[in-house]
Amino acid sequence: MAHSVRRDAPELPDFSLLKRLARDQLIYLLEQLPGRKDLFIEADLMSPLDRIANVTTLKQHDVDKLYKVEYKPIVSTSDQLCFLIRPRIKTVKWICDVVNADKAFGRYRRYKIIFSPQKFYACENLLEEQGIFGDVTTDEWSFYLLPLDDDIISLELPEFFRDNFLEGDQRWVRTAGSALHLLHSVYGPFSKVYGIGRCSKMAYESWREQVEEGEQRARQAEIGNVFLIDRDVDLVTPLCSQVVYEGLVDDIFTIKCGNTFIIYNNAPLVKRCPAWMHNICLKCPLRTFFTSKSRSSCLTIIHRSPSLSLQKRSGMDIKQMKTFVSEELKGLKQEHRLLSLHIGASESMMKKKTKQDFQELLKTEHSLLEGFEIRECISYIEEHINRQVSMVESMRLLCLLSLTENGLLPKDYRSLKAQFLQSYGIEHLLTFSNLKQLGLLVEQQPGETLTVMESRVGKLVNDKTAGKLTDAFSSLAKKSNFRALGRRLNLVPKSDEEYDLRVPRDMAYIFSGAYIPLSCKLIEQVLERDGWTGLEEVTRMLNGHEFAVTAGSNGSDARVKTDSQRIILVMFLGGCTFSEISALRFLGREKGLKFIVVTTAITNSARLLESMLDNHA
């Protein structure tokens, strides 16, 4: 049964202002080192920088040559060197070596280090230890937010997940708070802030401190409510195979800073999707390509889109035809070229994803989510490992099994671990320790069934005399309660119901009707209830740290207030998948809302698990 869709969703704010602010500040910082200079850029800042200020812009402000930071002796002959880097010890140590090498050769240069998005005390301390603190000038480029789409903004900090949730390094929490403060300053004030997760609570507190320290100015709000969520609140969703278009492109070709590198007909191309095509892509989960009939329908829709503009030719006079040829035809040719690329990408994905092994993989995942045929699933995973199909894929299935079953039985854990290490190498022993520490792959303790776990968590949380969480509760913090959460929130639709993907009825459509993302379901429930009331059982199983506060007023105009309150900013701390973005877009269409997704980075199962590897840099 299809639900009625509200068509009165409000307009999104213009986030191009964030780019202009970042570009203007960078230009100002470069001009603080007057004259010709060479610019060294850290590798993972090159793509974000390209979307803010291209080479032409940099050269207009006295940047002579550009180099990528490669941790080796430099070849620059310039008397002025500028380094645009992340606040990382390894990179700062390399800069110290460059400066000290110049000193050894008796060469004098001027050096400037620009840290983005901020500098840390440890970096400045290293400069002092290496004896070059007085030889360099340091500054901060407060480049917190990169708009990737009309409704997607990224902090471009992929290391956030490992640093915060595995290493316990909270240095990026202040960065997240500063990003929220920037959005509040430009598009706020926010009316209500909801959140769940320890990191989210700290980021909220950091933002509130900055708001209280700064100057308060009255203005009309463009964003009403904010929802903060930690990635470790929902680790199941990023481990599921993505079947929405953008998610598949990301999994197969990798999307970085809104661009993807596609090899089609042996011709590598870097492309950026136009907005109208992006909307088509998001409406077509690849699952609709699995039959030739629906595939041809989808491709017909894609082909038809530019044809709509060509139909405008009918009834034109000579002057109008001249304008059409000079202004529109060139753009249509470009769109046709990009359409060919999209079709080629779709065909390439279909070749990989319509094979029998992918169908069996999806069936196994769905069985794990539903809790059926677990022994058959374990046999499939064992075969996957023993065939050495893919190390990351095998690890993903192991983690999905552990999360959905609240840990593995001791005999299964030992057996699967031994087979994995034999197939992929003993060097992954530390990786298993990392996965266990994060709660991704754990062994059930004797007598620790799901029911026992739930009762223990409930007892601990309901103990009003405790005053704070006990050590026993902390020991349960990394345990999964997926089955209980699934029943409570109806995350897994009944498998006996036929799901028509052409007429999606809920957010489960992004996983072919098999699963509603926990993160998105929480957001839906909290917004409907205007808080966490009635979700006490859910928050207990998620280990608490939930909050809901009224942050301020949205202004006096009733219509402005209503529109802004229907724009919801969702911040994922630790990464967000394209599947979750698609789910929130669907929810927005259903409820007459617009969601803005702010994330520390776009993630998927491969990137999340690779960050857990013992050799992670």
*asked:* Rounded to the nearest 0.5 Å, what separates atom CG in Leu12 from atom NZ in Lys594?
replied: 4.5 Å
*Drop me the distance from Glu156's CD to Leu145's CG, to the nearest 0.5 angstrom.*
10.5 Å
*Answer yes or no: is there a donor N or O on one side and an acceptor on the other, between the side chain of Asp230 and the main chain of Cys199, under 3.5 Å?*
yes
_Between Leu542 and Leu522, is there a side-chain heavy-atom distance shorter than 4.5 Å?_
yes
*Got Leu491 and Tyr515 here, is their nearest side-chain heavy-atom distance under 4.5 Å?*
yes
*How far apart are the C-alpha atoms of Glu580 and Ile523, what are their side-chain angles, what is the distance that settles it, and do they pass the side-chain contact (heavy atoms from CB on, under 4.5 Å) test?*
CA-CA 11 Å; Glu580 288 165 310; Ile523 293 166; over 6 Å; no
*Please check if the side chain of Arg488 supplies one atom and the backbone of Val538 the other of a donor-acceptor pair under 3.5 Å.*
no
*asked:* Checking Glu524 now: which residues fulfil side-chain contact (heavy atoms from CB on, under 4.5 Å) with it, not counting sequence neighbours?
replied: Met507, Lys521, Glu528, Leu587, Lys591
_Backbone N/O of Leu369 and side chain of Arg483: donor-acceptor pair under 3.5 Å_ = yes
*Any side-chain heavy atom of Asn543 within less than 4.5 Å of one from Arg198?*
no
_To the nearest 0.5 Å, what is the distance between CG on Leu148 and CD1 on Ile153?_
8.5 Å
*Roughly how far, to the nearest 0.5 Å, is the CG atom of Leu235 from the CG atom of Leu435?*
10.5 Å
*Hey, could you give me each pair passing ring-ring contact (aromatic ring centres under 6.0 Å, His included) that has a residue in residues 586-612? Not counting sequence neighbours.*
Tyr509-Phe586
*Any donor-acceptor pair under 3.5 Å linking the side chain of Asn604 with the backbone of Ala606?*
yes
_Test side chain to side chain donor-acceptor pair (under 3.5 Å) applied to Ser402 - qualifying residues, sequence neighbours left out_ = none
*Can you sort out the partners of Tyr194 under side chain to side chain donor-acceptor pair (under 3.5 Å), two or more places apart, ordered by chain and number?*
Asp530
*Check Trp532 against Ala548 and note the closest heavy-atom contact, atom names and distance.*
CD1-CB, 4.0 Å
*What residues form a salt bridge (Lys or Arg N to Asp or Glu O under 4.0 Å) with Glu373, not counting sequence neighbours?*
none
_Minimum heavy-atom distance between Cys240 and Phe511, given as atom pair plus value_ = CB-CE2, 3.6 Å
*Under 3.5 Å, is there a donor-acceptor pair between the side chain of Ser200 and the main chain of Ile229?*
yes
*Using a 4.5 Å cut-off on heavy atoms from C-beta on, say whether the side chain of Phe165 contacts that of Leu438.*
yes
*Can you sort out the partners of Arg607 under salt bridge (Lys or Arg N to Asp or Glu O under 4.0 Å), two or more places apart, ordered by chain and number?*
Asp250
*Can you name the side chain to side chain donor-acceptor pair (under 3.5 Å) partners of Thr175, sequence neighbours left out?*
Gln118
*Ile381 and Ile385: CA distance, side-chain angles, deciding distance, side-chain contact (heavy atoms from CB on, under 4.5 Å) verdict*: CA-CA 6 Å; Ile381 296 171; Ile385 293 171; 4.0 Å; yes
*Which residue pairs pass the salt bridge (Lys or Arg N to Asp or Glu O under 4.0 Å) test with at least one member in residues 390-401, sequence neighbours excluded?*
Glu365-Arg396, Glu393-Arg396
*asked:* Nearest 0.5 angstrom please: Glu159 CD to Trp172 CH2, how far?
replied: 5.0 Å
*asked:* Run the ring pair (Phe, Tyr, Trp, His ring centres under 6.0 Å) test against Tyr413 and tell me which residues pass, sequence neighbours left out.
replied: none
*Between Glu537 and Met541, is any pair of side-chain heavy atoms under 4.5 Å apart?*
yes
*Would a distance-only check, ignoring hydrogens and angles, find a side-chain to backbone donor-acceptor pair under 3.5 Å from Thr600 to Gly574?*
yes
*Arg529/Glu546 salt bridge by N-O under 4.0 Å criterion*: no
*Minimum heavy-atom separation for Glu382 to Ser415, with atom names?*
OE2-OG, 3.9 Å
*Are side-chain heavy atoms of Ser367 and Glu376 found at a separation under 4.5 Å?*
no
_The test is side-chain contact (heavy atoms from CB on, under 4.5 Å); show your working for Met571 and Leu573 and say whether it passes._
CA-CA 6 Å; Met571 177 178 270; Leu573 296 167; 3.8 Å; yes
*Is there a donor-acceptor contact under 3.5 Å from the side chain of Thr404 to the main chain of Leu401?*
yes
_Heavy-atom pair with the smallest gap, counting every atom of Tyr424 and Val389_ = OH-N, 3.8 Å
_Under 3.5 Å donor-acceptor, Gln565 side chain and Gly224 backbone_ = no
*Find the distance between CZ (Phe547) and OG1 (Thr539) and round it off to the nearest 0.5 Å.*
13.0 Å
*Contact check, side chains of Val226 and Leu183, non-hydrogen atoms, under 4.5 Å*: no
*asked:* Testing the basics here: between Ile581 and Ile152, what is the closest heavy-atom pair and its distance to 0.1 Å?
replied: CD1-CD1, 3.7 Å
*With a 4.0 Å cut-off, would you call Asp412 and Arg375 a salt bridge?*
yes
*With sequence neighbours excluded, residues passing side chain to side chain donor-acceptor pair (under 3.5 Å) with Trp207*: none
*Ignoring hydrogens and angles, tell me if any N or O in the side chain of Ser611 forms a donor-acceptor pair with the backbone of Arg162 under 3.5 Å.*
no
*asked:* Between Val570 and Cys576, is there a side-chain heavy-atom distance shorter than 4.5 Å?
replied: no
*Could you tell me which residues satisfy salt bridge (Lys or Arg N to Asp or Glu O under 4.0 Å) with Arg414, sequence neighbours excluded, listed by chain and number?*
Glu443
*Please report the closest heavy-atom contact between Asn406 and Gln444, naming both atoms and the distance.*
O-CG, 3.3 Å
*Heavy-atom donor-acceptor pair, Glu360 side chain to Phe358 backbone, under 3.5 Å*: no
_Residues forming a salt bridge (Lys or Arg N to Asp or Glu O under 4.0 Å) with Asp234, sequence neighbours excluded_ = Arg231
*asked:* Pairing donors with acceptors under 3.5 angstrom, does anything connect the side chains of Gln419 and Asn386?
replied: yes
*Test Leu441 against Leu408 for side-chain contact (heavy atoms from CB on, under 4.5 Å), laying out the working first.*
CA-CA 8 Å; Leu441 182 55; Leu408 304 182; 3.8 Å; yes
